[in-house]
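In what follows, a single structure is set out as structure tokens and then discussed.
So that the names make sense, note that chain A is the first sequence line, chain B the second, and so on, each numbered from 1. Values in this document were obtained by computation on a predicted structure and should not be read as measured data.
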Amino acid sequence: MTDIPYDSEQVEKRAQHFWQVDGTFSAVEDLEREKFYCLCMFPYPSGQLHMGHVRNYTIGDVVSRYQRMQGKNVLQPMGWDAFGLPAEGAAIKHGMPPAKWTRENIDYMRGQLKRLGFGYDWNREFATCDPDYYRWEQWLFTRMLDKGLAYKKKAVVNWDPVDETVLANEQVIDGCGWRSGAPVERREIPQWFLRITDYAEELLAELDDLDWPEPVKIMQRNWIGRSEGVEVEFDIEDSDQALRIYTTRPDTLMGVSYMAVAAEHPLAMRAAEIDSELRAFIEECQRNAVSEAAMETMEKQGRSLGINAVHPITGETVPVWVANFVLIGYGTGAVMAVPGHDQRDWEFAREYGLPIKQVIEPAPGDTHACDIGSAAFVEYGVLVNSGKYTGLTFKKAFDAIASDLEAVGKGERQVNYRLRDWLISRQRYWGAPIPVITTGDDEPFGAPDETLPIVLPEDVDLGGGGSPIKQMPSFYETTDPVTGESATRETDTFDTFMESSWYYARFCSPDNDQAMLDERAGYWLPVDLYIGGIEHAILHLLYARFFHKIMRDEGLVDSPEPFKKLLTQGMVLKDGAKMSKSKGNTVDPQQLIDRYGADTVRLFIMFASPPEQSLEWSDDGVQGASRFLRRFWRLVQDYAQGEQPAALNPDEFDDSQRNLRRLVHTTIEKVSDDIGRRYTFNTAIAAIMELMNSVAKFKVENAQGRAVVGEAVDCAVLMLAPIVPHVCHELWSVLGHETAVTDERWPNVDKSALLADTMQIIVQVNGKLRARIEVATGVGNEVVEQVALADDNVQRFIADQPVRKVIVVPGKLVNVVV
RNA sequence: GCCCAGGUGGCGGAAUUGGUAGACGCGCUGGCUUCAGGUGCCAGUGGGGGCAACCCCGUGGAGGUUCAAGUCCUCUCCUGGGCACCA
């Protein structure tokens, strides 16, 4: 028995020192070698790593080290998503500028990442609050401005009337400001947008080719929400105004019984001028939260505007209402209501006593219930009560009605998207300044390249509430670079999603001060594997895809998409709930690292569940991981104390040696598949544990026995190296190897070792397990069937019943049906 | 409300293509070793029955398809994620 104790702290120190001195993880472009760019979503520097980070970055490190052992040229960088709201809150709380707070957090968290032994190329590190970084974002924005891809229009914000500041949705709690407690108001202010909708079709189409989880692609498709419909114009009675609406169900046009417009719609505003009760209702609507979830769940309310719209086909009039569930920022801010065939319209009509008309009935053979008296019938069907359209099916009715509307100039076919343009203005301090200048009443224009970056002043005091640069003439006062006349800088900053939309590309060329990207991006991009939380499935990933296409159109990258493969990890839970300070169920990774070492933490977090599922934290489980590593250490040390093993000679094997060697190679096969293809690290670890259990039980009785164990131990160290790299670094040299384990190749499967003489077959009678039989490998189905039928227990269950059928699945099972 | 996941022993999870439910680990029980300590080793461990061989039941719930269903279909309940200014 070895008496060398497993001292994780010393082992980890030695390995990390070696990697640093050796420059193991510095990535160098090499056109001769196949590259692998592995990227994890970078962290917001909130102060310390949490378990979600540890999980995310361990997954990325395991894949990176595995791909390196496959011979790939691996790039694994790390940086900081450093702008954002929490820094402003912390600044007010601690009386410290956000920049200082952020950079101190980064220094601490970098130390934590290093302590965990992640193989990052630290030479490429940057933070998004570095002017050298956001400079190029500002530059790209001015290109977009030139191309008309960036534009300004009014948009609604949450306004805190007491603090006189714009609030994030997160800062609105039950409709009130988080600090002031005052009811929040909707306010419209001019803001910057990016025309992501110009790319809607491409963003939708290219999803098909991505190797991403299907649920994420489905969510993005739904988010983009392509629909084919008709834009219809309703005249307003006794007026030269018109009301435009978009519908995907023109087949129900003959069932329209009222129209509904948003509170901010011009028709509603006009009507409110002469109707105080209506005005009160509209004001009430403007106190509603703006989020879609709030819109959809609140009680549906409305008021009649006292005006009528004229049906474009029948000429009949229908009343126009204002409704709290219609949003001005979405579509035309107005909808046609068909209560017979839309559930929300139905409920609204019921509430306010509006007529409900059936114009669709179920198609022949359709079994959906249809009773307009108790609910809307929302399926496609056959038209009824629809004049000349009666009897048509959906598609035919769509075409006929659309054509008729087009013929009279009252409508046109249109493809619509649910996706809206990206609002990138934030009325906050801690973000990248929007590089725009305004002179007098002229249109704003982009800051000239040579004036970039527009640097955010960092030595500020946030005590005054609101963004300090809005009160800082030294920041916003400037001159027109051409005319020299006095001008004003934009004081809004970019949405922080802007920075996270292109950082993956900048890691390729982090030190270039002449250009945003260079030819190195051509080598590394696209990212081969991108790993991060499922909560980013829509927004971040859609914005990054959009940015990539913008950069492609600017000639900066040549691929269509940024992330070839995506792995979305689940959350880390404790007692069934997300870890959070308010619930008091957090587990500090640092304490665990201090107590057990990085390898134990890495092993447990990879073993506890597969990456896509949520992970239930367990302190006892960490103990188990620690125990395994100690056993593993002892087993390898014990083996290494013996003499050099003989060469493997399969002809000399006895049965137990042959069995152990078969297990070694079936394990290599399984672990390679689990890590390389399935990303199920938990089952890979389980398989290696099984192998080690068998090695521990195995009795070495001769030279070939020792040789087989030697191969098993070597392979186990190699296969565990990506997961617990420190202990494997040390054990690899203990085993007498001169090279570093990080420079070794992944073990190969010896196919000849996999062959077995016999196989086990399951025998069922009527689908229930009744016997297990052992047959020689390769015997025919007839023989297997005979042996199965001859089994005593099988005979007992067949009894005197006639055998109706026998199903034989080769190599697996026999099912006897009686 | 809408979109997307998930629900399997006391616990985390496994079962990859419809073919042995519960691998591996934790916990627990019994035993051995030990200067009983967050040590090591051995055996057992889904529920019920049986001395045993074995048998019956069992994957949130209700139906269905199939020789065979954790896996496929329909409905339903519960939990989690997202919903455009948290990141």
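If you look at A:Y543 and A:W502, their ring centroids are not closer than 6.0 Å. Outside the 6.0 Å centre-distance limit, the rings of A:W80 and A:F42 are not counted as a close aromatic pair. Between A:F83 and A:Y134, the ring centre distance stays below 6.0 Å.
At a threshold of 4.0 angstrom between heavy atoms, the contacts of A:H536 include nucleobase atoms, whether or not backbone atoms are also involved. Among the heavy atoms of the strands lying under 4.0 Å from A:Q427 is at least one base atom, whether or not backbone atoms are also near.
The aromatic rings of A:H540 and A:H536 sit perpendicular, their planes meeting at an angle over 60°, well past the 30° parallel limit. Taking the six-membered ring for Trp and thresholds of 30 and 60 degrees, A:F325 and A:F348 have ring planes more than 60 degrees apart, a perpendicular arrangement. Between A:Y199 and A:F546, the ring planes lie perpendicular to each other; the angle is over 60°, past the 30° to 60° tilted range.
Taking syn as a glycosidic angle within 90° of 0, B:rG9 qualifies as syn.
Atom CE in A:M498 sits about 16 Å away from atom C1' in B:rA87, given to the nearest Å. A straight line from CD of A:Q569 to P of B:rC4 spans 22 Å, rounded to a whole angstrom. Across the protein-nucleic acid pair, A:E690 atom CD and B:rG22 atom P stand 13 Å apart, rounded to whole Å. Distance A:N105 CG to B:rA87 C1': 15 Å, rounded to the nearest Å. We find that CZ of A:F628 is positioned 11 Å from C1' of B:rG25, with the value rounded to whole Å.
We find that A:K152 and A:E490 are joined by a salt bridge, their nearest charged nitrogen and carboxylate oxygen being less than 4.0 Å apart. A salt bridge does not link A:D421 to A:K153: none of the charged nitrogens lies less than 4.0 Å from a carboxylate oxygen. Salt bridge status for A:R418 with A:E292: present, with a side-chain N to carboxylate O gap under 4.0 Å. In this structure, A:E214 pairs ionically with A:R221, as a charged nitrogen and a carboxylate oxygen lie closer than 4.0 Å.
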Where do N or O atoms of nucleotides 65-69 of chain B meet protein N or O atoms at under 3.5 Å, pair by pair?
| residue | atom | partner | partner atom | Å |
| --- | --- | --- | --- | --- |
| B:rC67 | O2' | A:N815 | ND2 | 3.4 |
| B:rC67 | O2 | A:N815 | ND2 | 2.6 |

Listing time: all N or O pairs from protein to nucleotides 55-57 of chain B that are below 3.5 Å?
| residue | atom | partner | partner atom | Å |
| --- | --- | --- | --- | --- |
| B:rC55 | OP1 | A:R770 | NH1 | 3.2 |
| B:rC55 | OP1 | A:N793 | ND2 | 3.1 |
| B:rC56 | OP1 | A:R770 | NH2 | 3.1 |
| B:rC56 | OP2 | A:R770 | NH1 | 3.1 |
| B:rC57 | OP2 | A:K768 | NZ | 2.8 |

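Against RNA chain B, the stretch residues 51-59 of chain A makes no heavy-atom approach under 4.0 Å. For RNA chain B, the neighbouring residues in residues 673-680 of chain A, judged by any heavy atom under 4.0 Å, are A:D673, A:R677, A:R678.
The closest donor-acceptor contact from the side chain of A:W633 to the backbone of A:I4 lies under 3.5 Å.
An OP1 or OP2 oxygen of B:rG82 is reached within less than 4.0 angstrom by no side-chain nitrogen or oxygen of A:N222. Distances shown here put a side-chain N or O of A:R627 below 4.0 Å from the OP1 or OP2 atom of B:rC26. Side-chain N/O atoms of A:R631 include one lying less than 4.0 angstrom from OP1 or OP2 on B:rC41. Put simply, A:R630 has no side-chain N or O that comes within less than 4.0 Å of OP1 or OP2 on B:rU39. Taking only side-chain nitrogens and oxygens, A:S614 never comes nearer than 4.0 Å to OP1 or OP2 of B:rG80. Here A:Q623 does not reach the OP1 or OP2 of B:rU39: none of its side-chain N or O atoms lies under 4.0 Å away. Between A:N682 and the phosphate of B:rA14, there is a side-chain N or O to OP1/OP2 separation shorter than 4.0 Å.
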Under the rule of Watson-Crick or G-U wobble with both distances under 3.5 Å, where | means paired to another strand and [ ] a crossing pair, RNA chain B maps to (((((((..(((......[....)))((((((.......))))))((((....))))..(((((..]....))))))))))))....
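Two residues are said to be in side-chain contact when any heavy atoms from C-beta on lie closer than 4.5 Å; A:D791 and A:V787 fail this criterion. The side-chain heavy atoms of A:M689 and A:R631, taken from C-beta on, include no pair separated by under 4.5 Å.
Along RNA chain B, the nucleotide nearest A:F604 and the nucleotide nearest A:K300 are compared for position; the residue whose nucleotide lies closer to the 5' end is A:K300. Comparing A:E535 and A:D620 by the nucleotide of RNA chain B whose heavy atom lies nearest to each, the residue mapping closer to the 5' end is A:D620.
Side-chain polar atoms of A:S467 and A:Q427 form no donor-acceptor pair below 3.5 angstrom. Side-chain contact, A:N766 with A:R804: no donor N or O sits under 3.5 Å from an acceptor N or O. When only modelled atom types and interatomic distance are considered, A:S180 and A:D163 share no side-chain donor-acceptor pair under 3.5 Å.
B:rA21 and B:rU71 have their C1' atoms separated by 11 Å, with the value rounded to a whole Å.
A donor and an acceptor atom never sit less than 3.5 Å apart when one is taken from the side chain of A:K812 and the other from the base of B:rU17.
For the pair A:R630 and A:Y6, the NZ or CZ position fails the cation-pi test of under 6.0 Å to the six-membered ring centre and within 45 degrees of the ring normal.
The side chain to side chain donor-acceptor pair (under 3.5 Å) check on A:R344 picks up nothing, with sequence neighbours excluded.
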